[in-house]
Enquirer: 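The structure that follows is given in the form of structure tokens.
In this text the structure is predicted, and so the values were computed from the model without any measurement.
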Amino acid sequence: MRIPLYYCDEMLGFEGKFPDVPERLAAIVDRVRKSGIDHRIVKPKKAGDGKLKAVHDEKYLEEIRSYKRINSYFPDEPIDKDTYGYAALSAGAAIGAAEHALKRKGFAFALTRPKGNHAGRDFFGGYSYINNVAVAVRHLLDEKGIDRAMIIDFDAHFC
């Protein structure tokens, strides 16, 4: 069974900060390619504004889109004019993987940047701007007829 990996090299363009640097994702992709794991790379589509608004406050999304005020209050935050597009692509990868898993009742994986596990409805944190899993689950609930979802969050740290 070929495992779909929702990923594209465009995600490497996001200039994050440690540990969410481009090399992290590039190393994962390289390792998978060399591992012999039966996989295929699937280029994700960006999640549209409607998908993001279903989970995040519209005013908050506009803050990310315009980014300058966030940058002035949080100068160490890696945010610029392209961040919103990268975050929408990242959320789109999560939607693609979730749809595949639901339709095929099989495994799929989204390799994303920027990460999204720390974003809330109207706040960012830990270099996360859009909550990818929340966007994907909301999409499945609203458009694919599921009535519940279980999310298992595993987060490994080296420190």
Enquirer: So which atom in Val42 and which in Pro4 form the shortest heavy-atom distance, rounded to 0.1 Å?
Expert: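 For Val42 versus Pro4, the nearest heavy atoms are CG2-CB, 3.9 Å.
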Enquirer: If Ile, Leu, Val, Met, Phe, Trp and Tyr residues are connected whenever their side-chain heavy atoms lie under 4.5 Å apart, and connections chain through other members, are Ile95 and Ile146 in the same group?
Expert: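 In one cluster: no.
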Enquirer: Identify whether Val29 and Phe107 are in the same connected component of the hydrophobic contact network (ILVMFWY, side-chain heavy atoms under 4.5 Å).
Expert: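 Linked, Val29 and Phe107 end up in one cluster.
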Enquirer: Under 4.5 Å between any side-chain heavy atoms of Phe124 and Ile70, yes or no?
Expert: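 Side chain of Phe124 against side chain of Ile70, heavy atoms only: contact under 4.5 Å found.
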Enquirer: Please report the shortest heavy-atom distance between Gly125 and His118, naming the atom on each side.
Expert: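 Here Gly125 and His118 meet closest at O-CB, 3.0 Å.
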Enquirer: CD1 of Ile130 to OH of Tyr86: how many Å apart, nearest 0.5 Å?
Expert: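 The distance works out to 15.5 Å.
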Enquirer: Please evaluate residues Tyr67 and Lys81 with respect to the criterion side chain to side chain contact (heavy atoms under 4.5 Å, CB included), reporting the C-alpha separation (whole Å), side-chain torsions for both, the decisive distance (0.1 Å), and the verdict.
Expert: CA-CA 7 Å; Tyr67 80 90; Lys81 64 180 178 40; 3.6 Å; yes
Enquirer: Quick check: does any side chain N or O of Lys115 sit under 3.5 Å from a backbone N or O of Gly126, one acting as donor and the other as acceptor?
Expert: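 Yes, the answer is positive, given that a donor and an acceptor are paired below the 3.5 Å cut-off.
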Enquirer: With a 4.5 Å heavy-atom cut-off, do Arg24 and Arg113 have their side chains touching?
Expert: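 Answer yes - side chains close enough.
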Enquirer: So, for Tyr129 and Tyr127, which heavy atoms are closest and what is the spacing to 0.1 Å?
Expert: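 Scanning both residues completely, I find the closest heavy atoms to be CE1-O, 3.7 Å.
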Enquirer: If you apply the rule side chain to side chain donor-acceptor pair (under 3.5 Å), what do you find for Tyr84 with Asp49, and how did you get there?
Expert: CA-CA 10 Å; Tyr84 187 86; Asp49 288 344; 2.7 Å; yes
Enquirer: Say you draw a straight line from CZ of Arg148 to CG of Leu140; how long is it, rounded to the nearest 0.5 Å?
Expert: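 It comes to 14.0 Å.
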Enquirer: Can you tell me how far the CG atom of Asp30 sits from the CZ atom of Arg33, to the nearest 0.5 Å?
Expert: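 Those atoms lie 7.5 Å apart.
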Enquirer: Is there a path of hydrophobic side-chain contacts, each under 4.5 Å between heavy atoms, that joins Leu5 and Ile37?
Expert: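 Yes.
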Enquirer: Looking at every heavy atom in both Phe14 and Pro22, which two are closest together, and how far apart are they?
Expert: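 Smallest heavy-atom distance, with atoms named: O-CG, 3.7 Å.
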Enquirer: Tell me whether the rings of Tyr6 and His100 are parallel (<30°), tilted (30 to 60°) or perpendicular (>60°).
Expert: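 The rings of Tyr6 and His100 sit tilted, inter-plane angle from 30° to 60°.
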Enquirer: Under a 4.5 Å side-chain heavy-atom rule over Ile, Leu, Val, Met, Phe, Trp and Tyr, are Ile64 and Phe123 clustered together?
Expert: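 They do not share one cluster, since no chain of ILVMFWY contacts under 4.5 Å joins Ile64 to Phe123.
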Enquirer: Cluster question for you: counting only ILVMFWY and a side-chain heavy-atom cut-off of under 4.5 Å, with indirect links fine, are Leu12 and Phe109 together?
Expert: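 Yes, Leu12 and Phe109 fall within the same hydrophobic cluster.
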Enquirer: Taking Ser72 for the side chain and Arg69 for the main chain, is one N or O donor matched with an acceptor at less than 3.5 Å?
Expert: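 Present.
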Enquirer: For Lys59, is there an ion pair with Glu62 - N to carboxylate O distance below 4.0 angstrom?
Expert: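 The answer is no: the pair does not qualify as a salt bridge.
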Enquirer: Under 3.5 Å, is there a donor-acceptor pair between the Tyr7 and Asp9 side chains?
Expert: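 Their side chains do contain a donor-acceptor pair, which is all the 3.5 Å distance test asks for.
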Enquirer: Which pair of non-hydrogen atoms, one from Pro78 and one from Thr83, has the smallest distance, and what is that distance?
Expert: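 Residues Pro78 and Thr83, closest heavy atoms: O-OG1, 3.9 Å.
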Enquirer: Please round to the nearest 0.5 Å and tell me the distance separating atom CG of Asn117 and atom OG1 of Thr112.
Expert: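 Going from the CG atom of Asn117 to the OG1 atom of Thr112 covers 8.5 Å.
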Enquirer: Could you pull out the closest heavy-atom pair between Val32 and Ser35, with the gap in Å?
Expert: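 Closest approach of Val32 to Ser35, heavy atoms only: O-OG, 2.7 Å.
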Enquirer: Could you check whether any side-chain N or O of Arg121 sits under 3.5 Å from a backbone N or O of Val55, counting only pairs where one atom can act as donor and the other as acceptor?
Expert: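 Present.
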Enquirer: Atom NZ of Lys51 and atom NE2 of His139: how far apart are they, to the nearest 0.5 Å?
Expert: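 These two atoms lie 4.5 Å from each other.
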Enquirer: Could you go step by step and tell me if Asn71 and Tyr73 meet the side chain to side chain donor-acceptor pair (under 3.5 Å) rule?
Expert: CA-CA 6 Å; Asn71 193 263; Tyr73 284 103; over 6 Å; no
Enquirer: Mind checking the CG-CE spacing from Leu111 to Met11? Nearest 0.5 Å is all I need.
Expert: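 Going from the CG atom of Leu111 to the CE atom of Met11 covers 8.0 Å.
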